[in-house]
Amino acid sequence: MSQNLSDAKKISVTGGKGGTGKTLIAVNLAVYYAQLGYKVLLIDSDVENPNSNILLGKSLTDEDVKKTQIDMFQPIFSTDKCTKCGKCRDACYRHAILQFPDQFPSLMEPMCSGCTICQRVCPTDAISSGKRSIGSRYFMNNVYDNLDLLVGELNPGEAISVLIVENLIEQSIELHKNFCYDIIITDTAPGAHCDVEKALSLADLTLCVTEPTPFGEHDLKRILRLIQLSGQNAEIILNRSNLTDYKEPILKVASDFNIKILGEIPIDNIVIEDYAKGTPFVLDSREFPAKQAFLSILTNVKKKLKLEVI
Ligand code: SF4
Ligand code: SF4
């Protein structure tokens with residue numbers, strides 16, 4: 001899939017742990033590059049808790065937001081054609097099909113992943129294609145000048161979030177055909193699970209946001225292991241770097257994984273003020289330490305990605 005986006009620079013912003021400032025950094029990165037004149041798509045793939053739109057002052061219910069429902073395949077069993085052979089039940093790796101002896105199969109919906117294997121193994125063509133809504137995607141064109149936003153949201157109670165992430169990736173390829181993005185930034189979910197792995201699969205560069213705490217250290221190791229397995233090109237951003245004096249263990253993790261710390265951002269009251277107002281701090285006209293540190297990180301990212309000067 002990434003081949004279809006090969007002429008755009010792709011950055012993923014991730015972090016093993018929630019609450020490290022990952023979304024704040026992804027949003028400010030996107031706004032800053034858009035302001036420089038690059039055409040940017042920001043994808044919010046934290047589908048269980050998307051909130052980048054809030055940081056950009058947009059509501060998912062605004063009139064100009066294009067909402068599309070995302071459905072997944074769900075088997076429908078035909079009692080006319082079914083011979084009760086049990087092959088669909090045996091083939092279902094998620095054990096989502098319940099079938100007692102001499103009975104027709106039935107589906108336990110929440111366990112179904114929509115993989116279609118049951119339909120493919122049925123010898124009598126007794127399984128037709130139904131669908132179930134599992135979430136939505138939202139597209140906001142020009143949320144700021146040169147910046148489009150694509151947000152995925154999983155319906156409450158649904159478990160197959162990776163299908164929403166896959167849908168966002170497919171949609172970003174379609175959008176790129178129309179809008180020819182220079183940069184595509186993906187804000188991933190926290191953690192080191194398959195949603196995150198899928199979102200990272202697009203990236204030319206992955207930025208791992210962490211903080212100097214034992215939790216930050218623990219979860220940084222987890223995400224770096226995932227990155228190591230997938231062979232991604234990654235760097236670390238140490239956010240709230242003066243929160244504690246627990247910086248050495250983070251530097252040690254970076255060194256153990258042979259991954260560089262791209263920069264450190266100190267705690268700054270102005271960032272908190274802007275956050276509360278829903279304003280990207282990079283647009284704040286004042287000079288303050290966090291902004292200076294962030295701008296120097298952005299310069300490094302630009303160099304690493306060899307972004308053309310606009
Ligand atoms: S679609 Fe896949 S997960 Fe769902 S019932 Fe069929 S085999 Fe099982
Ligand atoms: S595989 Fe087809 S025929 Fe066999 S039990 Fe399932 S639905 Fe019925």
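Counting starts at 1 for both ligands and their atoms, in listed order. Reckoned from all heavy atoms, side chains included, excluding hydrogens, waters and symmetry mates. Numbering of residues begins at 1 and proceeds along the displayed sequence.
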> Under 4.0 Å from any heavy atom of C82, which atoms of ligand 2 are there?
3 (S), 5 (S), 7 (S), 8 (Fe)
> With a 4.0 Å cut-off on heavy atoms, is Q99 touching ligand 2?
yes
> Please could you name the atoms of ligand 2 that T124 approaches to less than 4.0 Å, counting only its heavy atoms?
3 (S)
> Begin from the C-alpha positions of Y144 and Q35 and carry the test side-chain hydrogen bond (donor to acceptor under 3.5 Å, both in side chains) through to its verdict.
CA-CA 8 Å; Y144 273 75; Q35 203 196 23; over 6 Å; no
> Without placing hydrogens or testing angles, list every side-chain donor-acceptor pair under 3.5 Å for residues 245-254, not counting sequence neighbours.
{"from": "Y246", "atom 1": "OH", "to": "E217", "atom 2": "OE1", "distance (Å)": "2.5"}
{"from": "K247", "atom 1": "NZ", "to": "E264", "atom 2": "OE1", "distance (Å)": "3.0"}
{"from": "K247", "atom 1": "NZ", "to": "E264", "atom 2": "OE2", "distance (Å)": "3.2"}
{"from": "K252", "atom 1": "NZ", "to": "D256", "atom 2": "OD1", "distance (Å)": "3.2"}
{"from": "K252", "atom 1": "NZ", "to": "D256", "atom 2": "OD2", "distance (Å)": "2.9"}

> Distance below 2.8 Å from atom 6 (Fe) of ligand 1: how many protein N/O/S atoms qualify?
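For atom 6 (Fe) of ligand 1, the figure is 1.
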> Is there a side-chain contact between S241 and I265, using heavy atoms and a 4.5 Å cut-off?
no
> For atom 2 (Fe) of ligand 2, which candidate among P123, C85, C122 holds the nearest heavy atom?
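That would be C122.
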> In terms of side-chain heavy atoms, does S45 have a donor or acceptor partner in D187 at a distance below 3.5 Å?
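D187 and S45 do not have a side-chain donor-acceptor pair below 3.5 Å.
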> Cation over ring, K291 on F281, under 6.0 Å and within 45°?
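Ring-cation test returns no.
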> Please check if the number of heavy atoms outside F257 that lie under 6.0 Å from its CZ is greater than 12.
yes
> For residues N142 and L147, determine if any side-chain heavy atom of one lies less than 4.5 Å from a side-chain heavy atom of the other.
no
> Would you call the rings of Y38 and Y33 parallel, tilted or perpendicular, where under 30° means parallel and over 60° means perpendicular?
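Y38 and Y33: perpendicular rings.
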